[in-house]
Every structure is written in C-alpha cells, then in structure tokens.
Amino acid sequence: MPSPSKSRALSKSPAKSKKTASNGNGHAKAIKVSAKTAIVKTALKKAVVKSGILNRVADVLAPAKGAKDGKLGKAGKRTYFFGDGKADGTKEMKNLLGGKGANLAEMANIGLPVPPGFTITTDVCTEFYANGKKLPKELDGDVRASIARMEKAVGAKFGDVTNPLLVSVRSGARASMPGMMDTILNLGLNDRTAAGLAAKSGNERFAYDSYRRFIAMYGDVVLGLKPEKKEDHDPFDEILDKKKKALGVKLDSDLPADALKELVKEFKAEIKARLGVEFPEDPYAQLQGAIKAVFQSWQNDRANLYRRLNNIPAEWGTAVNVQAMVFGNKGEDSATGVCFTRDPASGENMFYGEFLVNAQGEDVVAGIRTPQKIEALGKILPEAYKQLLEIRKKLEKHYKDMQDIEFTVENKKLYMLQCRNGKRTGFAGVRIAVEMVDEKLIPKEEALRRVEPEALNQLLRPVFLPAAKKAAVAEGRLLAKGLPAGPGAATGKVVFFADEAEALAAKGETNLILCRHETSPEDIRGMNASLGFMTAFGGMTSHAALVARQMGKVCIVGCDALSFDYHARVMHVTTDKGVITVKEGDWISIDGFAGEVINGRVDTTPSEVIRVLIEKNLDPKEAPVYQTYNKLMTWADAARKLRVRANADQPDQAEASVAFGAEGIGLCRTEHMFFGEGKIGPMREMIVAENEADRRAALDKLLPLQREDFAGIFRAMKGRPVTIRTLDPPLHEFLPHDEAGVRELAKATGRTVEQVHARIDELKESNPMLGHRGCRLGITYPEITEMQARAILEAAVEVAKEGITVYPEIMIPLVGIKKELDLQADVVRKTADAVFKAAGKKVGYTIGTMIEVPRAAMTAGEIVESADFFSFGTNDLTQTTYGLSRDDVPRVLAAYLQHEVYPGDPFVSIDRNGVGGLMKMAVAAGRAKKPKLKLGICGEHGGDPSSVEFCHEIGLDYVSCSPYRLPIARLAAAQAALKAS
Ligand code: ADP
Ligand code: MG
Ligand code: MG
C-alpha cells in the first residue's frame, strides 16, 4: 500500500496572503474562542499567578507583540536559541516563538533532553509576507550564527563532508495546527554529506534512508511535486512502492541500503523530469528554501481552512524551528513515538502512546506501519521507557494539563521533540478537568475554564442500542475491529472521498461515513461534513484520530481489515468468513467506543447522561460519565451569575429541561401546541371564521386543550417561572396544505371546498415574516389573546389549587410600539380579573414583551412603562436588524464568510455591534426607568457560548435555550462569570 506521509499530502499553490478581519471590538471570533477568551482576561489580571496554563493561554490570545506595526520582538531579535539545558525563550512566549518553539524552549529550561536548535520568530513571518514573500536580508546572518551555536552544541558541522550536522525545519504557530503546515527532516544532506554520514555512522542504510526521506519531503514541500489527481498517490510513494514490490519487501524499514541509494537517484530524476529543476545540493540554499516554504505553508489551503474553522487570525503567522536532527531510524535500538499523558479519547489517567522502532517521526502519524503500544517500549528500550514515564509526570506537574508529546530514541538515548496541551474528545476533556481537580492539580475554576462548552454535546450523543448491536453481531454483520479514536455511534452511507462527502453534505446528506485508507489534512472539509470516519491505517495519534477528537466526530482508525480500491469505489473487508465488499453509498455503522465496524444500519440509543437524567432508567452510581458531568455542572452552577431557562413548549420538554438544570421556561411557544392531537381542527375553524361569534365558538374548543398543556407545564416546572408567548406566527401557517385537509375543513365548517380555498388565498401574505403576525394578530383578533390568557390563568389557578406554586409570565411578541403592548396587556388583565373572580382564587402573574424588532429596542424607554419584563427575541431581532431572513441566510452565508463580510453566522452567535448594540440600548433604557426590570434572551443564541458571554456582560438575568443546550449554557455562563471576576 502506498503511504503518503502527511507532510507530503498537501498544499497546492499557497493561497494569496489575505488580511483576516479582526473586528474592532474583538468579539468577532465567535464560538470557539470565547471559552479561551474567558481564560485570558482572568489570566492577565492575575499575571502573577504561578499556574503555567493561565499564562500560557493568555499568551496564545494576547496580540502578538509588535506584529501589527511590523516592529520586531525584543530588540529586533529574530532567532531564539534553545538546547544544552537552557533557552532564550520560555513557554510564555508563544506569540513570538509559536507553540512548538516556546515549548521546546521550556522543555530545555526544565532540563529535559531536547536536541539544540533555534526558533525564527513569528514576526519574521509577518515581515516575510509584508516584503512580498521575501526573507529579510538580515535573517541570513542570524541563521548562520545560530547554526554555528548548534554545531558547537552537537559537535558536527552543517554541510561538512565527514561529520555533517543535519537539521529539521519545523513550522509552529501560536495555536497548535497539527499537520496543517509543513516540516522538513534531514536537511543538510547531499550526495557528499550522505556518504559522509554513512561512513561516520557506519550505517549506510540509515544514511540513505534519511536521504531519500529528505528528498521526498523537500521535493514535495519546497519544490512542489504533488500528486496530480485525487485518485493518484504521492509520486515519491509510487516510486517507493514499485521498489518494494520489485524487491518483494513489505515495509520501508526492510529496504536495504542499495535500494535506498537507488531511490535517491530515482527521486531526483523524478524531480528533474517533472519539474525541470535540479535538486539543490548546497545546505544553506536548502535551508533557505525550507524556511521560506514553512512560512508559505502558513497560507496554504488547508492551513487557511483550519484557521477559519478554529478562529485563528491569519496575521498571527508561524514561527520556524530549526533543530538538530536525532535519528529514530538508526536501527533496532532507535525509535520514534507520540504519546499523551492521559488517554485522549476517554480521558482515563493512563499513559497513552504509540511508537515505531527504526523509524522517523512522521511514520507514526502517517501510519506507514501500524505502531506498537507505548508499554511495549518498556521491553524493547527499558531505559528510555523509564525516563519517558518520569517525563510524563514532570510535564503534567509543570504544565498542569494533559500533554501530547513527541519523542525519538537514537541508539537508546531519549530525546524530546515536542510537547503541547493535547487535543481531546469532549468526554476526555470533561473527565481530565474533573479528575485534575480531584488530584489537586488545578482548582475548580480552572476546570470550568478549560472545558469547551460545546464539548458537552458529546456526552449527550447517542450510542448504539445494545440490543440492536447485539442482533447485528449475531447476524454476522460485525465486519472488523479498529482502534476507537472518537467516541459515539454513527450509522451512515459510505463515501470514499473527502471532497465528495463535502458535496453530498452541501446537498443535505447528513448521514455520511468517510472511509479511507488514511486521511490527510486536506481531507478536513470532508471529515467535517461526515458523521464519522474510519481509516485502515494509522493509530490513535494519526491524523484522522486527532481531527476526530477535535471535531467531536465518531472515528475508528487502524482498521487493517479494510483495503480500498478508490478507482472502483469499493472497499474490501477481510473477515473470517471471507472478503466482503462494501460499495460507495452502502450503509455502515461505526462504534467509536469499541472500535467496531458493522455492516448496514444499527439503531442508536441515548447516552449515559440522557439515560440517567431523562429516561431515568440508569442508576447514576453505575454511570461514570454522568458522574463527571454532574460534578462539573455543580461547579458551574456555583460559579455562574446568569440564570438558565429553557425554550420548551410541552410538558415532557419541560421535564427534560428541569433535568438539564433549567431554572424556568424562558419561552413557551403556544402555537406549537396547536399542532398537537385534536387541536389543529378547531384552530383551522377559528382561522376561517368570518365573524367574531364563529371565531369564539372555535376558540372555545381550543381553550380546554391549551389549558391542559399549560397545566402540565406548570406542574412539571414545580414553582419555577414560565414565560408563555401569545400566538406569534401568521395564521395561514396553520391552514391545510393538501386537498384532503381542505375537504375536511370544508366539511367541519359547512363550507364548500372553493370557499375554503378562497379563504386560504385571502390569508396569503407576500412577506409573512414581516406580515400579519405577533401582537398584530392579537390586536386584529383580541379574542385569540383573550382565549390564550384565559387558558394560561385558569391552568395557573388549577395548579395553584393543587398546592404547586406557579409563576406565569405572559409575553407579547413582536411589539414595536408601546400602544401595541398596552392593548394586549389590557386584554390579559381583564381576562385575569374575570378568571380570578370566577375561581375565587388569585395567582401572581406578570406581563412583558419581546424585544425583537429594532423599533422596540429604540423605544424601550417608552415600552418599559407597560412591561414587567423584556425578553430579547434575537432570532427576529437579527432578521429585522440585518433585513435578512433566517431562512434565506444560507444563500448568502458562504460568500459572506469567504469574503469576511460576516465573522460568523449572525444567527449562531450574536452580532455584538449591531444586534448587540440594540440590546444594550434596550437594557439601558429599560433599567433607567425600572432598575429591577427582569431581562432575558430567548432566541437560539441563548445556547451559544459566545452569546451567553455577551448576555452576561450586558447584565441580563437569564438566558433561555433549547433543553439539550442547557449544559452548554450553564458552563458558558460560569465561564463568563469567571472571566468577569
Ligand atoms: P507537526 O507540527 O506536523 O507535528 P513537527 O515539526 O512536529 O510537525 O515534525 C513532525 C515530526 O518530525 C515530529 O513528530 C518528529 O518526530 C520529527 N522531527 C521533527 N524534528 C525532528 C528532529 N530534530 N529530530 C528528529 N525528528 C524530528
Ligand atoms: Mg509535531
Ligand atoms: Mg419572534
């Protein structure tokens, strides 16, 4: 099998340098950054806090020193040295040195064995782009001086024929962007130095193995020799494959020195033939080319996309690390590996890693051979393993977070090549944070800051229905087993190419499983578009596994029973019953907990958290995932100032909301009830009625039905406040859409079919979104509001009589003028008086309004005189502020994001300047007249972490969101409070 290495899979022509919008208020980078942003401010305040993490994160997010005005960092220093137990830089200097450079420096400083090297700062990257992609003149001198220092430290000379120093040239941005940019290893080799290296090491195989790797990487990254079509493999891999076939060997590491020498020639010839250039022999020319290429890789397609997905500004730039090579490919006492200080999928506190003997760094990640589990290193290289275990402990103590580390063993000696905070699944994120508190490594507040609110989604995600999975296995549908790299269960249609997954998803296909031999960074769009993915090759640290953890996708890797025929668009699965062929479009199911691949569909079932909280069929004591979730939520509730409510329209939703921590209902949409059993008929009768008497007759039928729903909700909420909105959507939405419905309605109302059609036509509006809806309906037909008020208050009285406290808050939608609210409030009050009189019992209630059209925000100071509360309906407020309907936003969104007109979808995260500006006005005007005015938000934004943070900032009392987003809102609210304190 050809095995394109990740560093070679990549960039087409580097995209043009683009300025990324960093919109003035700094709020633009919506969702993902918010949590981190929360950490920053606090961290900056407590600048003296010893916790490394706080400072480190602060460093990641603070603007690069001098990057904007083109000035250089400290005294114009362009290169920072590290090695020999000390370094110019520290881990706090991520902005300038990038994450990799800062951590290499830090590891050197704390006495870990790091091969010496130097970091070229991110400022130089900025200079490079400012100068039209030219390296600054002065850099050459700095580089030569730093190389001289490395030569001294290593005891070898760059370009020397008898004792050559080889280097790696590694990218490294502030935020880790694994695999997105380019790295070149073994630089400094040419025909003469390779011969020298062979002689010096007495290991010809090693020397030429290094050389052929260098040519392939350099040929790809610097010279740009790539595969031409997606079905093609990497050109160097094709040659390598042919060689292996010709010699009948399976693994790269089985190729003898002579074969490797031939490969060197063949690679160079391929470069000459395809690109018309000679491979550069001069080491300094090689180095310059590599440095430039790494800077350019900052702007390659996949790095640009990754930055967009992760809200990393383009102007940050990357640093370049030039580091003395150490060799894991020197023989059986050499190795290279990748580890996590805890399991990145489950979060379990165990050393988790993989390595390959006689291999070089990229091999493990790219899945050239299936790596061994890290424990095995204890047998093969016990000294190095022991040292690695100590380093694991030391690093966690030092960084106070789970670390992702890269190491190499050269002739039994261990070297550290990288460490960084490890990417993890949502499961692992929650578990690690909670357990680190229990281990007294970090305080609770830090645990709260650290978990991405969105990650909590994963804990609610379905798993396979145990019975369904058992049945599938019994039917012999278990196809294969791989490594469980991304927890969850996914069932979907097989797709083999990332770009096709992306195209299918764009057409609305949501159930896709991307199946590949391996994935490379250029596949991330397609991976994002799929429910889950699986690969034949690669381990838990492979690209696919890493991306899965980050995106929260279901994922299986290293499933070596799979083999792919991309041309025929099939995969073959070797099972004990023979080979089974799965075609593109066939259904397949993957279990990301167990690593199992099942043919066909398998039904799913709710997660542990759902089973404990909602279905109540699992004992919390037997639910460890639930327990960690619950701990974190308890801490979050103690930390937050914002209250959380749910948008819930039915009693069962209300119950679920309470289970997820709702302290009330912020939005009960009465119209959703009308679609329930037996309600749509009378509703339609009400709409087609031509006079008030007929209308009231129909409303009388609806009254008991609505009353029952409200009573159910009040009971479920057990004394918590419930905000109920009166009828909002335009009436024609309730009318029948088909002939049968029309006939039925005609029969029920004693009309002809033609008459009903005529009425339907009459009700059609040219722009229903901006039409006869909200309070406008209630003003046209006050009897509708009256019926609803009656249903709400009669239910309230009924439930209050049962001894349950009720707090109805009646909310009038779409108000833009105080008089609108007055008219509707008047109907409600009169009805209330009548209800209380008849029942001989009063309940407290309030009347408020939604602020969801700009005019309401502008005149909030007037409207507040008639309102007990405001609730920001940010869906409509966004629509009406932008003059863009929510349903039509997809048409413009792609282009608007691409051109950076919008920093993100304004319907996902509140536009703080525009919509948020209106909210601030309304808050100020409302509270000026009524300092205790209750304020909330009930748009979809109420469950979006960045928007929750904004609501905290502007002083709202609560956010309201859909029940399943409540955990996210609770954590986001805690983070907002921690940030502000
Ligand atoms: P990425 O950012 O994609 O992880 P790296 O710069 O970490 O890229 O390089 C990839 C791999 O190359 C590393 O995992 C490491 O094993 C190997 N490597 C990098 N520099 C050296 C070096 N100086 N000596 C030996 N191996 C190296
Ligand atoms: Mg790395
Ligand atoms: Mg609305």
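These figures come from a predicted structure and were not determined experimentally. Atoms within a ligand are numbered from 1 in the order they appear, just like the ligands themselves.
Draw a line from the Mg ion (ligand 2) to OE1 of Glu406 and another to OE1 of Gln418, and the angle between them is 70° (to 10°).
Among the atoms of Thr183, none of the N, O or S atoms falls under 2.8 Å from the Mg ion (ligand 2).
A donor-acceptor pair is defined here as one N or O able to donate and one able to accept, closer than 3.5 Å; such a pair exists between the side chain of Asn109 and the backbone of Ala87.
Residue Val326 has at least one nitrogen or oxygen atom sitting less than 3.5 Å from a nitrogen or oxygen atom of ligand 1, judged on distance alone. By the 3.5 Å distance cut-off applied to N or O atoms, Lys100 is counted among the residues near ligand 1.
Between Tyr218 and Asn186, the side chains place no donor N or O within less than 3.5 Å of an acceptor N or O (distance only, hydrogens not considered).
Using cut-offs of 30° and 60° for the angle between ring planes, the Tyr211 and Tyr208 rings count as tilted. Between Phe351 and Tyr385, the ring planes lie tilted relative to each other; the angle falls in the 30° to 60° range.
Residue-level proximity to ligand 1 for Asn321 is absent, since no heavy atom of it falls below 4.0 angstrom. Contacts with ligand 1 closer than 4.0 Å are made by side-chain heavy atoms of Thr183 only, the backbone lying farther away.
Counting heavy atoms only, Glu406 comes closest to atom 4 (O) of ligand 1 of the residues Glu410, Gln323, Glu406.
Annotation for ligand 1: atoms under 4.0 Å from non-hydrogen atoms of Gln418 are 4 (O), 7 (O). Counting the atoms of ligand 1 from 1 in the order shown, those under 4.0 Å from a heavy atom of Ala324 are 22 (C), 23 (N).
Taking a 4.0 Å cut-off on heavy atoms, Gln360 fails to register as neighbouring ligand 1.
With a 4.5 Å cut-off on side-chain heavy atoms, Phe158 and Met150 do not count as touching.
Salt bridge status for Asp84 with Lys152: absent, with no side-chain N to carboxylate O gap under 4.0 Å.
With sequence neighbours excluded, the residues that form a side-chain contact (heavy atoms from CB on, under 4.5 Å) with Ala498 are Leu514, Asp523.
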